Amino acid sequence: MAKRNNNILNISDALKDFVETNKLEKGLDKVNVREAWANLMGNGVNNYTTAIELKNDTLFIQLSSSVLREELSYGKEKIITMLNETLGKDLIKKLVLR
């Protein structure tokens, strides 16, 4: 019979330990960044977003509209701040719009 672990972990701690142990955090960050972008930017921007890629601390956003790219470029710092707040950590240092 398997011996039960008497330490009671709550689920979030157990998941966090699992993620850290298995080096899954970078993958989850990439998924979370995509979700944060979609939620913050709304349908208007999402319709023109063709690719979202997180490399180290740089977020690359591919847009199909040069006009929108120009508009968003004026608010890069604010976008970075809002994304990091949504993610709950300082994950993004630089935003590159292409």
Side-chain angles (χ1 to χ4, degrees):
M1 213 172 178
K3 185 180 174 194
R4 286 193 167 200
N5 187 351
N6 289 332
N7 296 339
I8 297 171
L9 278 178
N10 72 32
I11 290 180
S12 73
D13 287 344
L15 276 173
K16 193 174 164 199
D17 289 347
F18 177 80
V19 165
E20 287 171 2
T21 303
N22 293 289
K23 308 272 187 268
L24 299 176
E25 202 155 3
K26 282 194 187 326
L28 286 175
D29 284 342
K30 289 178 182 187
V31 170
N32 291 338
V33 164
R34 285 191 186 101
E35 286 178 5
W37 177 265
N39 292 335
L40 280 173
M41 293 302 162
N43 287 339
V45 174
N46 287 319
N47 290 338
Y48 295 101
T49 303
T50 56
I52 300 169
E53 188 176 2
L54 180 66
K55 283 187 183 172
N56 300 320
D57 59 1
T58 303
L59 180 61
F60 295 90
I61 303 291
Q62 186 94 37
L63 298 164
S64 60
S65 165
S66 58
V67 174
L68 180 60
R69 185 168 44 250
E70 186 71 23
E71 284 292 315
L72 291 178
S73 70
Y74 296 118
K76 279 185 181 182
E77 289 305 314
K78 185 176 182 188
I79 293 169
I80 291 169
T81 302
M82 290 180 353
L83 286 169
N84 283 332
E85 283 175 5
T86 301
L87 295 164
K89 56 182 167 180
D90 266 352
L91 190 61
I92 302 162
K93 302 271 188 261
K94 188 176 175 192
L95 176 61
V96 176
L97 302 170
R98 334 186 230 209

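Just so it is clear, the structure is predicted and the values come from calculations on it, not from any experiment.
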- Item | N/O donor-acceptor pair under 3.5 Å between Lys76 side chain and Leu95 backbone | yes
- Path from Phe18 to Leu28 over hydrophobic side-chain contacts below 4.5 Å: yes
- Item | Nearest-0.5 Å distance that lies between atom CG in Leu83 and atom CG in Asn32 | 11.5 Å
- Non-hydrogen atoms of Ile79 and Leu72 that approach each other most closely: CD1-O, 3.9 Å
- Query: Residues two or more places apart in sequence or in another chain: which of them pass salt bridge (charged side-chain N to carboxylate O under 4.0 Å, His left out) with Glu85?
  - Reply: none
- Item | Leu59 with Leu40, same ILVMFWY side-chain cluster at under 4.5 Å | yes
- Query: Taking the side chain from Arg69 and the backbone from Leu63, do they hold a donor-acceptor pair closer than 3.5 Å?
  - Reply: yes
- With rounding to the nearest 0.5 Å, note down the distance linking CZ in Arg98 to OG in Ser64. 14.5 Å
- Task: Before giving the answer on side chain to side chain contact (heavy atoms under 4.5 Å, CB included), spell out for Thr86 and Asn39 the whole-Å C-alpha distance, their side-chain angles and the decisive distance to 0.1 Å.
- Result: CA-CA 9 Å; Thr86 301; Asn39 292 335; 5.9 Å; no
- Query: What pairs of residues pass the salt bridge (Lys or Arg N to Asp or Glu O under 4.0 Å) test when at least one of them lies in residues 26-36, not counting sequence neighbours?
  - Reply: Asp29-Lys89
- Note on the structure: Applied to residues 45-54, the salt bridge (Lys or Arg N to Asp or Glu O under 4.0 Å) test, sequence neighbours excluded, yields Glu53-Lys55
- Task: Indicate yes or no: at least one non-hydrogen side-chain atom of Leu87 is less than 4.5 angstrom from one of Ile92.
- Result: yes
- Check which hydrophobic residues are tied to Val96 through side-chain heavy-atom contacts below 4.5 Å, counting indirect links as well, and list them. Phe60
- Message: Which residues pass the side-chain contact (heavy atoms from CB on, under 4.5 Å) test with Lys78, not counting sequence neighbours?
- Response: Met82
Give every donor-acceptor pair under 3.5 Å between a side-chain atom in residues 41-49 and any protein atom, sequence neighbours left out.
{"unit_1": "Asn46", "atom_1": "ND2", "unit_2": "Ala38", "atom_2": "O", "d": "2.9"}
{"unit_1": "Asn46", "atom_1": "ND2", "unit_2": "Gly42", "atom_2": "O", "d": "2.7"}
{"unit_1": "Asn47", "atom_1": "ND2", "unit_2": "Asn43", "atom_2": "O", "d": "3.1"}
{"unit_1": "Thr49", "atom_1": "OG1", "unit_2": "Trp37", "atom_2": "NE1", "d": "3.2"}
{"unit_1": "Thr49", "atom_1": "OG1", "unit_2": "Val45", "atom_2": "O", "d": "2.9"}

- Thr58 side chain to Lys94 main-chain N or O, any donor-acceptor pair under 3.5 Å? no
